[in-house]
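Inspection log for the structure reproduced underneath, given as structure tokens.
Reckoned from all heavy atoms, side chains included, excluding hydrogens, waters and symmetry mates. All values derive from a computational prediction rather than experimental measurement.
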Amino acid sequence: MQENFSGLSTEKVNQNTLKIDIASTGDILQMINEEDQKVAVAVQKVLPEIEAVVDEVVRSISQGGRLIYLGAGTSGRLGVLDAVECPPTFSVDPELVVGLIAGGEKAFVKAVEGAEDKEEFGKTDLQEIGLTPNDTVIGIAASGRTPYVIGGLRYARELGANTVALSCNENAKISKEAKHVIEVIVGPEVLTGSTRLKAGTAQKLVLNMISTASMIKLGKAYGNLMVDVNISNFKLEQRAIGMIQSITGVEYETAVATLKKANNEVKPSIVMITLNCDFEEAMSRLEDANGYVRLAIER
């Protein structure tokens with residue numbers, strides 16, 4: 001059946017950029033910038049919906065579930081990007097936050113034609129990673145009508161998993177397949193239908209919020225410091241040492257020595273210095289505090 005895209009705001013013609021093809025370089029950039037400024041405002045309007053999703057994600061992970069992103073094209077790539085950043089940033093298992101893209105991993109760098117048009121592919125991809133009712137699946141589609149995402153969300157909902165639809169159109173098709181709905185209405189793109197622009201930026205902002213806020217709620221931060229960072233290179237090691245110094249007030253050498261005793265983990269290092277205890281007691285306190293450094297120190 002022929003599908004009518006004319007009603008989608010992401011496919012409408014932007015009246016502010018009708019002459020962008022004959023504009024100067026400076027004017028082109030000005031047009032793009034003016035349109036981009038509308039994105040944060042659009043995201044602000046759906047903060048209550050994002051809040052509900054964050055609480056759902058925290059509940060999922062606390063019950064042994066995962067956060068799973070599902071999308072095609074730019075939307076899929078943004079989900080994969082957010083997922084792969086979680087292990088180094090928050091020291092979580094690589095399987096805890098999963099990014100699935102229509103066409104598989106190869107589609108991240110090169111488009112796989114037609115992969116997004118099959119509903120069954122979304123279901124199959126979720127089956128292959130062993131989707132469970134404890135998981136939260138976030139279907140991402142700027143248009144809100146991608147078959148791959150619809151199929152995945154439908155299967156997730158039937159299985160009893162938590163479901164979220166993230167799109168940039170009102171009354172999106174994927175919204176009908178999810179428990180939670182986030183529709184960020186950014187309006188027509190600078191170039192008609194090029195949803196890697198405002199829509200892509202909006203999706204990136206929302207995904208940043210969901211993963212970051214969820215990890216903070218799971219005890220992955222102390223103040224605004226990433227105390228669960230995975231120390232995998234020199235830069236991150238120096239950042240970790242700096243955090244320990246900032247929080248505890250110790251000298252550089254003490255921070256280095258304690259970090260070594262704490263198996264290169266920042267959180268127990270902070271507890272060890274603050275409470276003058278050994279690694280085993282620090283880990284025990286963190287476990288009792290569900291990973292929250294502040295609670296481990298104050299108890």
Side-chain angles (χ1 to χ4, degrees), residues 51-69 82-99 129-138 161-162 208-233 235-299:
E51 178 183 357
V53 171
V54 169
D55 289 341
E56 197 79 85
V57 170
V58 172
R59 187 160 45 248
S60 277
I61 294 176
S62 298
Q63 295 173 348
R66 297 166 292 177
L67 168 58
I68 300 167
Y69 296 129
D82 198 74
V84 300
E85 289 290 348
C86 285
T89 306
F90 303 110
S91 289
V92 298
D93 189 290
E95 303 302 318
L96 186 70
V97 184
V98 181
I129 65 167
L131 185 71
T132 75
N134 285 333
D135 296 328
T136 292
V137 177
I138 300 183
N162 301 310
N208 281 349
M209 287 180 168
I210 291 172
S211 59
T212 303
S214 296
M215 294 301 165
I216 291 171
K217 297 283 286 184
L218 289 164
K220 300 292 185 179
Y222 181 84
N224 62 357
L225 299 177
M226 298 184 294
V227 290
D228 236 345
V229 63
N230 179 29
I231 302 173
S232 58
N233 58 44
K235 180 191 74 172
L236 295 178
E237 179 185 44
Q238 294 306 303
R239 179 182 294 167
I241 294 167
M243 284 191 284
I244 294 170
Q245 289 185 269
S246 174
I247 294 169
T248 65
V250 298
E251 297 296 323
Y252 179 86
E253 292 75 14
T254 302
V256 172
T258 307
L259 185 62
K260 185 176 181 180
K261 292 178 183 177
N263 294 335
N264 262 10
E265 295 182 46
V266 176
K267 289 163 75 171
S269 298
I270 295 167
V271 178
M272 289 166 68
I273 294 171
T274 304
L275 300 181
N276 192 26
C277 65
D278 59 20
F279 177 68
E280 287 71 24
E281 182 179 345
M283 292 302 290
S284 177
R285 285 178 171 271
L286 283 166
E287 185 177 350
D288 291 342
N290 293 320
Y292 280 82
V293 174
R294 196 181 298 276
L295 292 180
I297 292 173
E298 295 175 354
R299 283 185 178 182

Output side-chain donor-acceptor pairs under 3.5 Å for residues 222-231, partner residues at least two apart or in another chain, one line each.
from	atom 1	to	atom 2	distance (Å)
D228	OD2	K220	NZ	3.0
D228	OD2	K267	NZ	3.2

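A240 and V266 make their closest contact through CB-CG2, 3.5 Å (heavy atoms, listed as atom of the first residue, atom of the second, distance). Q245 and Y252 make their closest contact through NE2-N, 3.2 Å (heavy atoms, listed as atom of the first residue, atom of the second, distance). Scanning both residues, A282 and C277, for their nearest heavy atoms gives N-SG, 3.9 Å. Listed here is the closest heavy atom pair of V58 and K217: CG2-CB, 3.7 Å. In terms of heavy-atom proximity, V98 sits nearest to A83 at C-CB, 3.8 Å. The two residues S211 and Y69 make their nearest non-hydrogen contact at CB-OH, 3.8 Å.
Rounded to the nearest 0.5 Å, atoms CD1 (I241) and CG (N264) are 8.5 Å apart. Within the model, atoms CD1 of I129 and CD of E95 stand 8.5 Å from one another, a figure rounded to the nearest 0.5 Å. Atom CD of E56 sits about 11.5 Å away from atom CD1 of I61, to the nearest 0.5 Å. K261 contributes atom NZ, which lies 10.0 Å from atom CG of D278 (distance to the nearest 0.5 angstrom). The CG atom of L236 lies 10.0 Å from the CD atom of Q238; values are rounded to the nearest 0.5 Å. Rounding to the nearest 0.5 angstrom, the gap separating the CD1 atom in I273 from the CD1 atom in I270 is 8.0 Å.
The number of heavy atoms from other shown groups lying within 6.0 Å of CG (N233) is above 12. The number of heavy-atom neighbours closer than 6.0 Å to CD of E251, taken from other residues, nucleotides and ligands shown, is 12 or below.
In this structure, T89 contributes its side chain and E85 its backbone to a donor-acceptor pair below 3.5 Å. Judged purely by atom type and a 3.5 angstrom limit, S214 uses its side chain to pair as donor or acceptor with the backbone of I210. Here the side chain of N263 pairs no donor or acceptor atom with the backbone of E265 at under 3.5 angstrom.
Considering only heavy atoms from C-beta on, I68 stays 4.5 Å or farther from I138 through its side chain. No side-chain heavy atom of L96 sits less than 4.5 Å from a side-chain heavy atom of L67. Using a 4.5 Å heavy-atom threshold, the side chains of V97 and M215 count as touching. At least one side-chain heavy atom of S62 sits under 4.5 Å from a side-chain heavy atom of L218. Annotation: side chain of E287 is not in contact with side chain of M283 (no heavy-atom distance under 4.5 Å). Counting only heavy atoms from C-beta outward, the side chains of R285 and D288 never approach each other to under 4.5 Å. For the pair L286 and V271, the minimum side-chain heavy-atom distance is below 4.5 Å.
Legend: residues meeting side chain to side chain donor-acceptor pair (under 3.5 Å) with R294, ordered by chain and number and at least two apart, are absent.
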